[in-house]
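Note that these values count all heavy atoms, side chains included, but never hydrogens, waters or copies made by symmetry. We're numbering straight along the sequence, starting at 1.
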Amino acid sequence: MDRQQAEQATTEPIVLLVVEDEAMLRTVVADFLRAGGFSVLEASSADEAVGMLHRHADIRLVVADVIMPGALNGFDLAEWVAHHRAGIPVMLTSGYSTDRNLPPRLNWTGRLIRKPFRLVDLADRIHALLSQPAA
């Protein structure tokens, strides 16, 4: 990698995928993260998110609601990511689930945030997950 490519790589925004079926919440979260310097893709279901993960190799982290319409929920999406895009952290959001609902074979430390949440808390957790070595 030459110097120009190295400089470009450090200035490119990190790409996040926000998966939320409630359009207003998805927009608020995505806009907040964009204002924080991230590049944000949006999906309204886990099924749509899988398609985006196939098309966008640059996605570095997924933020997904647990309960969504479609064939897959947030847990299913997290397991799909673990199998097909290993190394990409998934943060789940939910107003319903408890820690005992988390699939045991995935490392969920700091990866579930309960609704309602403060946007700054979500951003702090995202930064923490991005700074961890890939699993």
Participant: Considering non-hydrogen atoms only, spot the tightest contact between Val19 and Ala46 and give its length.
Facilitator: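 Where Val19 meets Ala46 most closely, the heavy atoms are CG1-N, 3.8 Å.
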
Participant: Going only through I, L, V, M, F, W and Y residues with side-chain contacts under 4.5 Å, is there a path from Val120 to Val63?
Facilitator: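 Linked, Val120 and Val63 end up in one cluster.
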
Participant: State, to 0.1 Å, how close Pro89 and Gly87 come at their nearest heavy-atom pair, and which atoms those are.
Facilitator: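 Heavy atoms only, the tightest pair is CD-O, 3.3 Å.
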
Participant: To the nearest 0.5 Å, what is the distance between CG on Leu92 and CG on Leu112?
Facilitator: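 Rounded to the nearest 0.5 Å, the CG-CG separation comes out at 6.0 Å.
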
Participant: When you look at Leu61 and Leu130, which way does the side chain to side chain contact (heavy atoms under 4.5 Å, CB included) test go after all the steps?
Facilitator: CA-CA 7 Å; Leu61 182 136; Leu130 289 171; 4.0 Å; yes

Participant: Looking only at non-hydrogen atoms, find the nearest pair between Pro13 and Gly37 and report the distance.
Facilitator: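 Closest heavy-atom pair between Pro13 and Gly37: CB-O, 3.3 Å.
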
Participant: Between Lys115 and Glu20, does any side-chain N to carboxylate O distance fall below 4.0 Å?
Facilitator: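 Counted as a salt bridge, because a side-chain N and a carboxylate O are separated by less than 4.0 Å.
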
Participant: Can you tell me how far CD1 of Ile67 sits from CZ of Phe75, rounded to the nearest 0.5 angstrom?
Facilitator: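 The CD1 atom of Ile67 is 7.0 Å from CZ of Phe75, to the nearest 0.5 Å.
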
Participant: Taking all non-hydrogen atoms of both residues into account, name the closest pair between Ala71 and Asp76 and its distance.
Facilitator: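 That would be O-OD2, 4.0 Å.
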
Participant: What's the separation between atom CG in Asp47 and atom CG in Leu77, rounded to the nearest 0.5 Å?
Facilitator: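 Asp47 CG to Leu77 CG: 9.0 Å, rounded to 0.5 Å.
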
Participant: Is the shortest heavy-atom distance from the side chain of Val81 to the side chain of Leu53 under 4.5 Å?
Facilitator: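 They are in side-chain contact.
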
Participant: How far apart are the C-alpha atoms of Val29 and Phe117, what are their side-chain angles, what is the distance that settles it, and do they pass the side chain to side chain contact (heavy atoms under 4.5 Å, CB included) test?
Facilitator: CA-CA 10 Å; Val29 169; Phe117 53 81; 4.2 Å; yes

Participant: Compare all side-chain heavy atoms of Val15 with those of His56 and state whether any distance is below 4.5 angstrom.
Facilitator: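 Not touching, per the 4.5 Å side-chain cut-off.
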
Participant: Apply the test side chain to side chain contact (heavy atoms under 4.5 Å, CB included) to residues Met91 and Leu122: give CA-CA distance (whole Å), side-chain angles for both, the deciding distance (0.1 Å), then the verdict.
Facilitator: CA-CA 9 Å; Met91 166 149 305; Leu122 177 67; 3.6 Å; yes

Participant: Looking only at heavy atoms, which two atoms of Ser94 and Val66 are closest? And how far apart?
Facilitator: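 What the structure gives for the nearest pair is CB-CG2, 3.6 Å.
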
Participant: Might you point out which heavy atoms bring Ala43 and Arg26 nearest each other, and give the distance in Å?
Facilitator: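 Looking at all heavy atoms of both residues, the shortest contact is O-CD, 3.4 Å.
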
Participant: Drop me the distance from Arg60's CZ to Arg85's CZ, to the nearest 0.5 angstrom.
Facilitator: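 The CZ atom of Arg85 is 11.0 Å from CZ of Arg60, to the nearest 0.5 Å.
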
Participant: Ring-plane angle category for Phe38 and His127, please: parallel below 30°, perpendicular beyond 60°, tilted otherwise.
Facilitator: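 Taking His127 first and then Phe38, their aromatic rings sit tilted (interplane angle of 30° to 60°).
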
Participant: Hey, could you give me the CG/CG distance between Asp31 and Leu119, rounded to the nearest 0.5 Å?
Facilitator: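 Output value for this atom pair is 10.0 Å.
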
Participant: Taking the side chain as every heavy atom from C-beta outward, state whether His84 and Val50 have any atom pair closer than 4.5 Å.
Facilitator: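 Side chain of His84 against side chain of Val50, heavy atoms only: no contact under 4.5 Å found.
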
Participant: Can you measure from CD1 (Ile59) to CG (Leu17) and round to the nearest 0.5 angstrom?
Facilitator: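 Reported to 0.5 Å precision, the distance equals 4.5 Å.
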
